[in-house]
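Reading through the structure tokens given below for one structure.
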2 protein chains.
Amino acid sequence: MFEPVTIKDIAKALGLSTSTVSRALRDTHEISAATKKVVLEYAKEIGYQPNPIALSLKERRSKSIGVVVSEVANSYFSQAINGIESIAYDRGYHVIISQTHESFEREVSNVQHLASRSVDGLLVSLSSQTTDISHLTHLHDRGLPIVFFDRVADEIDTHKVIANNQQGAFDATEHLIKSGFKRIAHLTSSSHLSISIERLAGYEAALKAHNIKPNPAYVKFCPHGGMLYEETETAIKELLALPEKPDAIFVAGDRLSTGCLSVFKNLNVAVPKDMAIAGFSNSDVLDLFNPSITSIRQPAFEIGQLATQMLLQLIEAKYPVVEFEKKILETDLFIRN
Amino acid sequence: MFEPVTIKDIAKALGLSTSTVSRALRDTHEISAATKKVVLEYAKEIGYQPNPIALSLKERRSKSIGVVVSEVANSYFSQAINGIESIAYDRGYHVIISQTHESFEREVSNVQHLASRSVDGLLVSLSSQTTDISHLTHLHDRGLPIVFFDRVADEIDTHKVIANNQQGAFDATEHLIKSGFKRIAHLTSSSHLSISIERLAGYEAALKAHNIKPNPAYVKFCPHGGMLYEETETAIKELLALPEKPDAIFVAGDRLSTGCLSVFKNLNVAVPKDMAIAGFSNSDVLDLFNPSITSIRQPAFEIGQLATQMLLQLIEAKYPVVEFEKKILETDLFIRN
DNA sequence: TTAATTTGTGCAATCGTTCCCGACAACGTT
DNA sequence: AACGTTGTCGGGAACGATTGCACAAATTAA
């Protein structure tokens, strides 16, 4: 059906050997100008394209990187992906995106699928359900370059790129405090995720800085990160049932924010009259709507770019890299209302 | 660095030939049960994984399909991608996503990148700027399977999967009419896009069905499909400057809807008091916010699934397929406010 | 003129896998 | 006893491209 022209076709047509043709196309100095001209012109005429798969087999690399995110239908990740692509395509790499939908099983299966020598490196943001990372350590130990971004695993010694989650959480919580709210709850994703830990720390630091006694009952975890409506609903209902009902919530993620608003709408809780919300979100339509919520915005595009640059550096390193760094980018606070 | 185990390693360790090992692993009938057992056990022990690149070279297919969309940060496309992946991964295919950001140049470059024998087929939704499709016809003529979805090119004879855009546009427009609006404008993407043509037809049909005289000045095109704020702003301003200012707008796309709301917010036009809006959108957070806008929702996930099934059918067909079909899926009208 | 060097090209191996042959034993059939 | 079958296995050629090495022809140096 689809029969691409090969170097052999050119060689046969021109009465040359494949080696000569290959060298002519790669513009080696040891081929005469005349031969080069003939080969190049004929190659262009019949539309020769080198077969990347044959090259991959020979060079033992695929010129493609795998990306593992929870889902592309998430402003943060889609912006990060744009950053990833902007670097990767320029450097001649394909980008293969896979979604975990916050499921551990899908993460393992996707990583396994991407590995097995068909990608040269991995850009990973862990799923909220992931606690065991042996599927990644195994590959990393065998030499597959991996760079983490957003949700990182500190157990693996490699490059990492994250936003300053603690500062961002501090800013958001402090903004709620300065707006006059006293009883500030915190709705977050699963407790073992790096971003959850960092954001929780920022939330607690802000309370402490303003002499507000932290209330453990005010902190609610959603292991599925907002993917399950019921989970979010239960958490919110528990908060609302407390004797000292919170008057504001700092929400730690994009999906959780929308889940939260959804629950409030169904429970007829007015935002921000009955309950103020501030949270992490990279959605750019946030300020179009009411209720508008104050948000912490991460430099997702830059995070994607940086992570990719670091991954390519690992991939193309001549000698094994042993010195790794964790880059932390600052967040922005968008105050609305 | 990363040295995967090959069939040769197994052969050497077990004192067999590579052919025998290969056959044992593929469970051929001509290998004795004893040998099979030894090979399989050893392969499992050292964690053998067949090299997909070597397979691709031999089988002359990559077991991967390319997807061309305008951007993943779009509810419709991210849902369609989920549908695509749900089928592709089950059938053992990788999915390589590329974004055009509504640019013709990027579409050509992405398609070229994906082709050249590294994908077995293409799932394409055209960019809003694309009028010349020779980059696709060329590949299609040479036998590369292509299936269009959403924004299709009728010039190419292949499978196509779309929503019933005309009916959806009819429903949305009729809803505005039945809500009492008389002067209904239409804001749409570039004029040559299949979806624009179909949605315009539905809009006009609805006006006609209710004996409303169509006003050509009420129809505004945005060739960049909402990617440029200024373009959308100009279109809206022209509508507002008309002697008979419209009282409602039927918007033909997701990005245009948010662009539209953005312009109205900046111009202090109250929605829906001063201007009602209804439009195509697959966002699932639409009903969380005010102003809530009535929307036409496409079965994006199913469209993705169907398109992928049809593409895989083309890819895996033993004989060239000559009979092509265009599947049209119904839309849903979500009335809000 | 002869030897040494340069220049241009081809041969063959390689990457990992599959698969067409052919080899060769151990049978069963006439 | 001669021949055909069947069951197991290995050799080697592909797939498309690159590249070290060999080697002829042409050029230069002695």
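Below, chains carry the letters A, B, ... as their sequence lines are ordered, and counting in each starts from 1.
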- Message: One thing to verify: whether B:Arg151 and B:Glu102 come together as a salt bridge, which I'm taking to mean a side-chain N less than 4.0 angstrom from a carboxylate O.
- Response: yes
- Query: Can you tell me if A:Asp150 uses its side chain to pair, donor with acceptor, with the backbone of A:Ser125 under 3.5 Å?
  - Reply: no
- Query: Any sub-3.5 Å donor-acceptor pair from B:Ser127's side-chain atoms to B:Glu107's backbone N or O?
  - Reply: no
- Starting at CD of B:Gln49 and ending at C1' of C:dG16, how long is that distance when rounded to a whole Å? 14 Å
- Once you round it to whole Å, what is the distance between P of C:dT14 and CG of A:Leu55? 19 Å
- Message: Donor-acceptor pair, distance only, cut-off 3.5 Å: does the side chain of B:Gln309 make one with the backbone of B:Ile87?
- Response: no
- Salt bridge check: are A:Lys36 and A:Asp27 linked by an N-O gap of less than 4.0 Å? yes
- Query: Rounded to whole angstroms, how far apart are CD on B:Glu59 and C1' on C:dT17?
  - Reply: 9 Å
- Going 5' to 3' along DNA chain D, which nucleotides are the first and last within contact of chain B (any atom under 4.0 Å from a heavy atom)? D:dT8 to D:dG16
- Query: Please walk me through it: do A:Glu325 and A:Lys160 pass salt bridge (charged side-chain N to carboxylate O under 4.0 Å, His left out)?
  - Reply: CA-CA 6 Å; A:Glu325 49 183 333; A:Lys160 282 145 202 162; over 6 Å; no
- Message: Using modelled atom types and a 3.5 Å cut-off, is there a donor and acceptor pairing between side-chain atoms of A:Thr100 and backbone atoms of A:Arg106?
- Response: no
Tabulate protein N/O versus nucleotide N/O from nucleotides 9-12 of chain C, keeping only pairs under 3.5 Å, one per line.
| from | atom 1 | to | atom 2 | distance (Å) |
| --- | --- | --- | --- | --- |
| C:dT9 | OP1 | A:Thr35 | OG1 | 2.8 |
| C:dT9 | OP2 | A:Ser32 | N | 3.3 |
| C:dT9 | OP2 | A:Ser32 | OG | 3.2 |
| C:dT9 | OP2 | A:Thr35 | OG1 | 3.0 |
| C:dG10 | OP2 | A:Ser17 | N | 2.9 |
| C:dG10 | OP2 | A:Ser17 | OG | 2.9 |
| C:dG10 | OP2 | A:Thr20 | OG1 | 2.3 |
| C:dG10 | N7 | A:Arg23 | NH2 | 3.4 |
| C:dG10 | O6 | A:Arg23 | NH2 | 2.9 |
| C:dC11 | N4 | A:Ser19 | OG | 2.9 |

- Look at all strands and tell whether B:Thr6 reaches a base, only sugar-phosphate, or nothing, counting heavy atoms closer than 4.0 Å. sugar-phosphate
- Side-chain N,O (A:Lys58) to OP1/OP2 (C:dA13) below 4.0 Å: no
- Whole-Å distance between C:dT18 C1' and B:Ile53 CD1? 17 Å
- Task: Identify whether any heavy atom of B:Leu57 sits under 4.0 Å from a base atom; if not, whether one sits that close to sugar-phosphate; answer base, sugar-phosphate or nothing.
- Result: base
- Task: Determine yes or no for a side-chain-to-main-chain donor-acceptor pair under 3.5 angstrom, with B:Thr28 supplying the side chain and B:Arg23 the backbone.
- Result: yes
- Task: Mind calculating the distance between OH (B:Tyr48) and P (C:dG16) to the nearest angstrom?
- Result: 10 Å
- Message: Is it the case that the ring center of B:His135 lies less than 6.0 angstrom away from the ring center of B:Phe104?
- Response: yes
- B:Asn51 CG - C:dC15 C1' separation (whole Å): 8 Å
- Item | Gap between atoms CG and P, on B:Leu25 and C:dT18 respectively (whole Å) | 8 Å
